[in-house]
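Just so you know, ligand 1 is whichever comes first in the structure, and atom 1 is the first atom listed for that ligand. Bear in mind that the values here come from a model prediction, so they are computed numbers and not experimental data.
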Amino acid sequence: MIGREVDAALIDTAVRAALGQLTPGQCAWHIKVPAGRYRRDDAASRPRVGVPVGRDCMKTHVIVNGEAHDRDVGPRLLLSDFIRQALGLTGTNVGCEYGVCGSCTVLLDGEPVRSCITLAVQVDGRRLTTVEGLTNGEDLHALQRAFTACHGLQCGFCTPGFLMTLLPVYNRAKHLEADEIREVISGNLCRCTGYQQIVEAVRLALNGAAALAESPTDDG
Ligand code: FES
Ligand code: FES
């Protein structure tokens, strides 16, 4: 295919060729491009696209944002890949891929988990909430409105993770001081905002505009 113009027919051929590598009974989600760094000029170090990573799919039933899904899932498939690729919910971002940055945070039975270090099969029979589940139609969640009002984001890459970390706190309707908010979000990294605007957004959402006005957060 090298040297040919890419059109719909060529893409179709490439997809069929890739799917042809599946053995009977194997699900497409066994096929995974391994993560990792490799040099473009070093063929030996490139990930082998299309290499089956397991043979036995597992039936997985999960409620995602209130909607039931039944999928055959490869035992090594990461939850973040399942969410983004199998379900097409690309609001969940993947940053570090090893559980440090918090950008891939989703709720599992109401509690935050890092989807990049959780296996998709672990959510069988459970309830998953992604950032897409925050909105009600066109209406943004109060946390999202507060982030907007306080400029709690710049590039926005980290924002879904922050929102999902904060959602259980918001749902508990607890008043938090600035240092307590910093503690809650201490597992989420943002490279743009410097965190102050995020803290103010959380204060606005949790404590209301009056509390924000009465108690400025210029304490660092
Ligand atoms: S991508 Fe999961 S914690 Fe960074
Ligand atoms: S807004 Fe860019 S990383 Fe947080």
N, O or S atom of Cys101 closer to atom 4 (Fe) of ligand 1 than 2.8 Å: yes

With atoms numbered from 1 as shown, which atoms in ligand 1 lie under 4.0 angstrom from a non-hydrogen atom of [X]?
X: Gly95; result: 1 (S)
X: Cys96; result: 1 (S), 3 (S), 4 (Fe)
X: Gly102; result: 3 (S), 4 (Fe)
X: Gly99; result: 3 (S)
X: Val100; result: 3 (S)
X: Glu97; result: 1 (S), 4 (Fe)

Beyond-backbone contact of [X] with [Y], side-chain heavy atoms, under 4.5 angstrom:
X: Leu128; Y: Ile83; answer: yes
X: Cys158; Y: Asn188; answer: no
X: Val202; Y: Leu176; answer: no

Glu183 CD: over 12 foreign heavy atoms closer than 6.0 Å: no

Presence of N, O or S from Cys104 under 2.8 Å of atom 2 (Fe) of ligand 1: yes

Taking the side chain from [X] and the backbone from [Y], do they hold a donor-acceptor pair closer than 3.5 Å?
X: Asp70; Y: Lys59; result: no
X: Arg114; Y: Val100; result: yes
X: Gln154; Y: Cys192; result: yes

Plane angle bin for Tyr170 and His141 - parallel if under 30°, tilted between 30 and 60°, otherwise perpendicular: perpendicular

With atoms numbered from 1 as shown, which atoms in ligand 2 lie under 4.0 angstrom from a non-hydrogen atom of [X]?
X: Gly156; value: 1 (S), 2 (Fe)
X: Cys155; value: 1 (S), 2 (Fe), 3 (S)
X: Cys158; value: 1 (S), 3 (S), 4 (Fe)

Verify same cluster id: Leu108, Val121 (apolar side-chain graph, 4.5 Å): yes

Verify same cluster id: Ile63, Val73 (apolar side-chain graph, 4.5 Å): no

Top protein contact for atom 1 (S) of ligand 2, by heavy-atom distance: Gln154 N, 3.2 Å

Shortest protein contact, atom 3 (S) of ligand 2 (heavy atom only):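 In this structure, atom 3 (S) of ligand 2 has Arg191 N, 3.3 Å as its nearest protein heavy atom.
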
Within reach of ligand 1, part of Thr105 (heavy-atom separation under 4.0 Å):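 Neither part.
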
N/O/S atom of Cys192 inside 2.8 Å of atom 2 (Fe) of ligand 2, strictly under: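 Checking Cys192: at least one N, O or S atom is under 2.8 Å.
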
Under 2.8 Å: N/O/S of Cys190 next to atom 2 (Fe) of ligand 2: no

